[in-house]
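Beneath this line is the structure, given in structure tokens, with notes to follow.
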Amino acid sequence: MSPEEELQSNVSVASSTRNIVGVLKEHNYLGLSDCSSVGSSNLSGLADDDKATISLKATELTLGLPGSQSPARDTELNSLGPAKLDEKLFFPLLPSKDEICPSSQKNIASGNKRGFADTMDKVPVYTEKNWMFPEAVVATQSVIKKEVAQNIPKGKLSTTNNSSSPPAAKAQIVGWPPVRSYRKNTLATTCKNSDEVDGKPGSGPLFVKVSMDGAPYLRKVDLRSYTNYGELSAALEKMFTTFTLGQCGTSGATGKDVRNETKLKDLLNGKDYVLTYEDKDGDWMLVGDFSWEIFIGVCKKLKIMKGCDAIGLAAAPAPRAMEKSKMRA
Amino acid sequence: MNYFPDEVIEHIFDFIASHKDRNSISLVSKSWHKIERCSRKRVFIGNCYAINPERLIERFPSLRSLTLKGKPHFADFNLVPHEWGGFVHPWIVALAKARVGLEELRLKRMVVSDESLELLSRSFSSFKSLVLVSCEGFTTDGLASVAANCRHLRELDLQENEIDDHRGQWLNCFPESSTALTSLNFSCLKGETNLAALERLVARSPNLESLKVNRAVPLDALTRLMSCAPQLVDLGVGSYENEPDQESFMKLMAAIKKCTELRSLSGFSEVAPLCLTAFYPICQNLTSLNLSYAAEIQGNHLIRFIQFCKRLQRLWILDSIGDKGLEVVASTCKELQELRVFPSDLHDEEDNDTAVTEIGLVAISAGCPKLHSILYFCKQMTNAALITVAKNCPNFIRFRLCILEPNKPDHTTSQSLDEGFGAIVQACKGLRRLSVSGLLTDKVFLYIGMYAEQLEMLSIAFAGDTDKGMLYVLNGCKKMRKLEIRDSPFGNAALLADVDKYRTMRSLWMSSCEVTLGGCKRLARNAPWLNVEIINENENNDVMERNEEDEREKVDRLYLYRTVVGARKDAPPCVTIL
């Protein structure tokens, strides 16, 4: 199979994968009782069931997925939760050190591979030499392995509108981009805290960014430092209270909570603000659907949105109430 | 020949500060040479292996200030092995032995040891100023000796060094009698800082103008520091793990308001939430702003801040500011002279549609008439944009464009960027430094050779087709001093075409090109006044043994430089000097 053909099949299978998983999520949203039979059993939001269900899916899917990763991926997928499944399928390069990732769907973005192929033709000298991955960590040549270059679709190296053209390819060129190590290290220390750690549970802090509509800056929270939604909620409320000070007057007394510091909580539980998160698919979801363990596995970013903006995310009032009760728990 | 007594001539020479001019003076006549060299106080040595300390001291006995540079530029990007060289110790030993009245030492990319710092601190009783940029090899113990022993220390400026932080009490080592500090920069230290010692030091330094602290200095400490140093002109802010409460924030803002002389801000290396906004009161006074480590501050907040910085002359920022942000800069910062836009997303994790593109560059060129230096990292570029930039800004002295993806063509036409860069060199007649990137053929070098008459430093990566490219540059750019090339198909023909050219240049770097060992050997034979260094990081480091059969073997890394003192003796095994 030529690289292009390989790509095409990746596209179709990957996108169908995505659809199915997307549908799974929607089902979760509609609540406990609404399970249709899209190959999924009882979607109660329980971790084990999800795992089993999705690993079943995984088995089906990987049959269709070519590429050097599939053998490894089969075993990995069966033992991982849904979060890992998503990650491996769609973000296989994050933050792992995989060198080859032909099936990353985002690399397929474009006809840019044509452009690159033209480039390659124009400068034949480079094809041999300059696109080789170094063998050792300490590279003697700042080039990329020829074999790898042939396996990787050409589009990988020249996509423009495509943001996840592989960091692996870039990272392998020694000394490129020409940024001082001091700068790289300093920024890396900053970023390390806000990116997800390579998936192993309990393996250190799990910082995600938290933004709030109207706030002038982001914060970071370590999801692993909380054990349930309630703690998270309390912490966020403390963090963002300063911003809601001006607004608490308008929300008024929504009711039961009499504590002084519950302004944000009121806002969260009331009409004005909801807590949402971005999952690994890039979808924005209301917090509270999954169990805490699953949630921290899938959550990439948090956002405190105005209730009116979040309307599209809520399927129906009843499930929302259920989320809220989970949050309060 | 001299119509004036020597003292008068010397006095006149005192007004001439530039190294180039003083070098020219010394060539006029023997007596001028002598007067000049005996009165020379400041010497700049661009390559520490071009000369040795003994000869330096012999020629300039009145030396007070020495600037030394060690490793080649590409060492910044991990292309030079750590043990390559650039040791300052022999220099300090020689200067100490000769009892030179050294007052200032500025080092860049050199290896400095604690022992060197200790010797330095004990040997020069008038020592005033130590500036270390991108150096390594020392610890805070070395800093402690400098603090303790240099009674007249005014400036301790540590920029982007790799320092082993022993979390000692080096700040405590400044004696109570030390009150002369004008500049203290320890932003690159990674460990804890003794805040009490720092505050006491700042409090007893009424002349302190520049203070750059490290990450370990929290908000309330910063507030106290600024309160006892309202005369600060240049401030480097640390980072903030803790969220500030209302009261702390108000106090900080009050302290900042008092710093009416503040002109330069930097630091902010972790999210400093309210901290940036606390500087609103003085931002219209700022002439220099470095937010290039502020990865956590979102683009729109950067923009909101910069909107008020109407007097900015220098701006270093991350590409997260976006084209929109640059448009704001273009309309606000009419005094802007230098802009650096660094990549924020080095690991390509974010879905970064907000990073800068050619649009931002064009906007800046259109809006900032005084712009003369730019360093711009971006993901895409077009010839049309570069042509427009050239038209808008013919005054560039430094133009460095780095398109993150090697070999990337113009993204609208899929052509090479030869024409774009060609326009830049043609329009910018004063261009002294240029870095090119993207898809480039030999043609761009033809343009550079033809038009870039003042060009002194050129950085090439993943560019060109044949030896002709390099030849155009070597033949055309009469003022070339530093040429550095990586991953480009230039070989022996270009390297050997004009050996005498290298007499006029400081150095040439070529890595992952087509030059062979045989070619380098031939060059070394024909130019004994050059050090031709081959750097290999193979297991088999013994290049000399494979002499006979491997003349055709390509050379990993070649670094050659003119020198008057022959091959250096401190090269590590991985370096072979031919």
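We name chains A, B, ... by the order of the sequence lines, and we start the count at 1 in each one. This is a predicted model, so every value here is computed, not measured.
- B:W316 places none of its side-chain heavy atoms less than 4.5 Å from the side chain of B:L291.
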### Query
How far apart are the C-alpha atoms of B:F268 and B:Y293, what are their side-chain angles, what is the distance that settles it, and do they pass the ring-ring contact (aromatic ring centres under 6.0 Å, His included) test?
CA-CA 6 Å; B:F268 299 97; B:Y293 288 101; over 10 Å; no

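- Of the atoms belonging to B:L318, it is side-chain heavy atoms, and not backbone ones, that fall under 4.5 Å from chain A.
- Here B:D467 pairs with nothing under the salt bridge (charged side-chain N to carboxylate O under 4.0 Å, His left out) rule; sequence neighbours left out.
- For B:W84, the ring pair (Phe, Tyr, Trp, His ring centres under 6.0 Å) criterion is met by B:Y49, B:Y559, not counting sequence neighbours.
- Contacts between B:F74 and chain A at a heavy-atom distance below 4.5 Å are absent for every atom of the residue.
- Note on B:S292, B:A75, B:S435: by heavy-atom pairs under 4.5 Å with chain A, the leading option is B:S292.
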